[in-house]
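These notes concern the structure reproduced below.
Every chain is numbered from 1, with letters handed out A, B, ... down the list of sequences.
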There are 2 protein chains.
Amino acid sequence: MSENSGGRRPADPAAVTVDLVIFTIRGDELRVLLVERGNAPYRGRLALPGGYVRPGEGLDEAARRELAEETGLDGRLHLEQLRAYGDPDRDPRGRVVTVAYLAFGPDLPVPVAGSDARAARWEAVEPLVSGTTPLAFDHADILRDALERARARLEYTTVAAAFCAEPFTVADLRKVYEVVWGAPLDPSNFRRKVTRAEGFLEPTGGRRVPEAGRPAALYRRGPAKALSPPLLRSGDQVSR
Amino acid sequence: MSENSGGRRPADPAAVTVDLVIFTIRGDELRVLLVERGNAPYRGRLALPGGYVRPGEGLDEAARRELAEETGLDGRLHLEQLRAYGDPDRDPRGRVVTVAYLAFGPDLPVPVAGSDARAARWEAVEPLVSGTTPLAFDHADILRDALERARARLEYTTVAAAFCAEPFTVADLRKVYEVVWGAPLDPSNFRRKVTRAEGFLEPTGGRRVPEAGRPAALYRRGPAKALSPPLLRSGDQVSR
DNA sequence: CCAAAAGTGTTCGAAATACACCCATGC
DNA sequence: GCATGGGTGTATTTCGAACACTTTTGG
């Protein structure tokens with residue numbers, strides 16, 4: 001930042017928080033971790049997990065800490081910043097600027113109570129973004145932005161694999177895309193694309209025998225972050 | 001945001017600022033608006049324009065105000081949030097969280113002094129991101145992120161047109177892509193793509209006579225925001 | 001042998017690249 | 001006319017969607 005207009009203008013004191021949109025896939029649908037608020041404002045309402053950034057703590061650091069507190073899983077989940085939200089009246093208690101983070105993880109055991117006694121649970125995303133279920137603060141907006149970002153990230157990056165517990169099959173990975181995009185994909189073509197993408201998947205050599213059908217090869221996440229060519233979802237490659 | 005652990009934890013008081021990465025194209029290169037700092041810290045060093053978010057002001061609102069103050073152009077430029085930066089020691093004066101914004105505009109008359117007496121000027125981006133010229137605070141990081149974001153935005157959105165003063169020609173628009181991506185494009189194929197993209201360009205009916213050659217048709221920006229199919233820069237469509 | 005899911009091959013059409021070619025203007 | 005850039009046509013190639021087909025397991 002820079003000081004303004006030569007002289008110092010008193011900074012509007014603000015509280016800074018991080019809020020987490022933690023997505024996972026469970027029961028063939030996309031879910032997000034929400035907590036029930038125990039205090040005013042919005043007491044009893046569902047909200048994104050989050051908390052104040054502590055003194056001496058960076059934003060990413062605070063998000064990582066909150067993530068560990070909420071899920072119990074330390075460094076496993078993919079975490080990235082979504083954006084900042086700072087409407088002056090987004091919190092009735094005063095100026096609170098929040099930096100929202102987006103996390104992806106495999107179907108987690110169950111939200112641990114952790115150091116935090118609040119009731120946390122996985123909620124299906126779809127009804128929440130449709131606007132029927134109300135969330136605390138501007139968290140519905142944040143969730144909508146997060147979903148849109150997640151959908152886009154699947155196209156151009158390899159983060160989809162972060163939704164899968166290792167080792168996983170190509171079908172597991174395909175389910176991630178289908179659930180997040182909400183559209184079925186052609187298994188053959190999907191497999192070709194992801195296996196050809198350099199550094200996306202690394203074969204473990206193992207196989208998984210399903211309830212029925214031929215065993216599937218197992219993979220772990222490869223080193224690649226970006227995905228080129230991208231897996232586009234725009235009409236093409238979606239089975240009709 | 002949500003309160004933490006049931007009880008209230010004192011929020012780390014933070015100053016919140018917005019910083020602007022304002023890009024334009026001038027002299028066949030990408031440039032960014034920088035100001036010379038008049039006060040400590042980093043006195044005399046170049047920095048991104050920005051300032052404190054005022055009481056009762058939203059983040060977007062603050063960014064829009066700063067943009068108007070710096071450039072004199074009110075609502076003309078495209079403006080979008082980049083991300084927040086909040087390393088605890090990014091500002092030696094204390095905790096300052098900044099929200100960076102990205103703006104695109106046509107070759108602007110010249111940085112007006114505006115209400116602000118600081119010396120502002122357009123600097124070429126390339127030497128700055130190469131890391132040779134030092135910037136104040138973490139502004140070099142912000143600039144690098146902004147450049148990467150801008151390059152990506154050109155692929156999937158119509159923001160490139162925001163760099164062109166209306167009315168403009170297809171060649172003007174192509175120059176934007178070439179300068180931002182740093183690679184020459186095939187004029188014929190480029191024209192086909194952008195003219196076919198629904199809602200990208202609207203013909204004005206006018207023509208512009210160049211110094212030499214056939215007059216070019218003039219266009220204004222169309223209503224479309226997203227660009228599908230995207231204009232990919234990955235190897236393809238770049239003349240070799 | 002049948003069902004079911006994994007995985008391969010093949011065809012067909014759309015789209016992109018590369019480039020030849022024509023157009024409209026100033027000199 | 002000629003140089004210069006705007007703009008169109010088009011052959012070739014590449015790539016992806018669709019889908020038939022083969023493989024490997026359990027019952």
Side-chain angles (χ1 to χ4, degrees), chain A residues 28 154-156 164 167-179 181 183-198 200-220 227-240, chain B residues 28 154-156 164 167-179 181 183-198 200-220 227-240:
Chain A
D28 285 7
L154 291 205
E155 294 190 304
Y156 311 112
C164 300
F168 55 89
T169 67
V170 172
D172 292 338
L173 187 64
R174 177 163 49 83
K175 177 140 288 296
V176 172
Y177 278 89
E178 292 180 333
V179 165
W181 286 352
L185 300 179
D186 182 293
S188 334
N189 296 327
F190 179 83
R191 126 177 252 66
R192 237 191 305 265
K193 287 190 189 181
V194 297
T195 53
R196 278 188 188 164
E198 197 81 14
F200 194 177
L201 301 180
E202 287 188 343
T204 65
R207 320 195 129 257
R208 175 184 298 164
V209 299
E211 297 167 17
R214 175 176 171 176
L218 291 171
Y219 299 86
R220 69 173 74 87
L227 196 49
S228 108
L231 246 75
L232 299 175
R233 71 184 196 277
S234 48
D236 33 86
Q237 111 95 0
V238 173
S239 324
R240 281 163 277 229
Chain B
D28 284 9
L154 291 204
E155 294 190 302
Y156 311 113
C164 300
F168 55 90
T169 68
V170 173
D172 292 338
L173 186 64
R174 177 163 49 84
K175 176 140 289 298
V176 172
Y177 279 89
E178 293 180 332
V179 165
W181 288 350
L185 300 178
D186 182 293
S188 335
N189 296 328
F190 179 84
R191 125 177 253 73
R192 236 189 306 264
K193 287 190 188 182
V194 298
T195 51
R196 278 187 188 165
E198 197 80 15
F200 194 176
L201 302 181
E202 286 186 346
T204 65
R207 320 194 130 259
R208 173 183 301 164
V209 299
E211 299 167 15
R214 173 178 173 176
L218 291 171
Y219 298 87
R220 70 173 72 88
L227 195 49
S228 104
L231 247 74
L232 299 175
R233 71 185 196 276
S234 48
D236 33 85
Q237 111 96 354
V238 172
S239 325
R240 280 163 277 229

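A:Leu201 places a side-chain heavy atom less than 4.5 Å from the side chain of A:Leu173.
Distance, A:Asp172 CG to C:dG7 P: 11 Å, rounded to whole Å. Between A:Lys175 atom NZ and C:dA6 atom P there is a gap of 11 Å when expressed in whole angstrom units. B:Leu232 places its CG atom 18 Å from the P atom of D:dT14, with the value rounded to the nearest Å. Distance A:Leu185 CG to D:dA18 P: 11 Å, rounded to the nearest Å. Distance B:Phe190 CZ to D:dG5 P: 18 Å, rounded to the nearest Å. What separates CZ of B:Arg208 from C1' of D:dT4 is a distance of 16 Å, to the nearest Å. With rounding to whole Å, B:Arg196 atom CZ is found 11 Å from D:dT8 atom C1'. Distance A:Leu218 CG to D:dT25 C1': 15 Å, rounded to the nearest Å.
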Report all side-chain donor-acceptor pairs from residues 206-220 of chain A shorter than 3.5 Å, counting only partners two or more places apart or in another chain.
unit_1   : atom_1 : unit_2   : atom_2 : d
A:Arg207 : NH1    : A:Pro215 : O      : 3.4
A:Arg208 : NH1    : A:Asp172 : OD2    : 2.9
A:Arg208 : NH2    : A:Pro167 : O      : 3.0

Between N or O atoms, less than 3.5 Å apart, protein on one side and nucleotides 25-27 of chain C on the other: list the pairs.
none

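Between D:dC19, C:dG7, D:dG16, one nucleotide has an atom nearer to the side chain of A:Pro229 than all others, and that is D:dG16. The side chain of B:Ala171 lies closest to D:dG6, out of D:dG6, D:dG16, D:dA17.
Evaluation of the side chain to side chain contact (heavy atoms under 4.5 Å, CB included) rule for B:Val179 yields B:Ile25, B:Leu30, B:Lys175 as partners, not counting sequence neighbours. With sequence neighbours excluded, no residue forms a ring-ring contact (aromatic ring centres under 6.0 Å, His included) with B:Phe168. Residues that satisfy the salt bridge (Lys or Arg N to Asp or Glu O under 4.0 Å) test with B:Arg191, not counting sequence neighbours, are absent from this structure. Applying the side-chain hydrogen bond (donor to acceptor under 3.5 Å, both in side chains) test to A:Ser188 and every residue at least two apart in sequence or in another chain returns A:Asp186.
The two atoms that bring B:Leu227 and B:Leu154 nearest to each other are CD2-O, 4.1 Å, heavy atoms only.
Within the structure, every side-chain polar atom (N or O) of A:Lys193 is placed at least 4.0 Å from both OP1 and OP2 of D:dC15.
For a distance-only test at 3.5 Å, the side chain of A:Ser188 qualifies as a donor-acceptor partner of the base of C:dT8. Taking 3.5 Å as the limit, the base of C:dG9 and the side chain of A:Arg192 contain a donor-acceptor pair of atoms between them.
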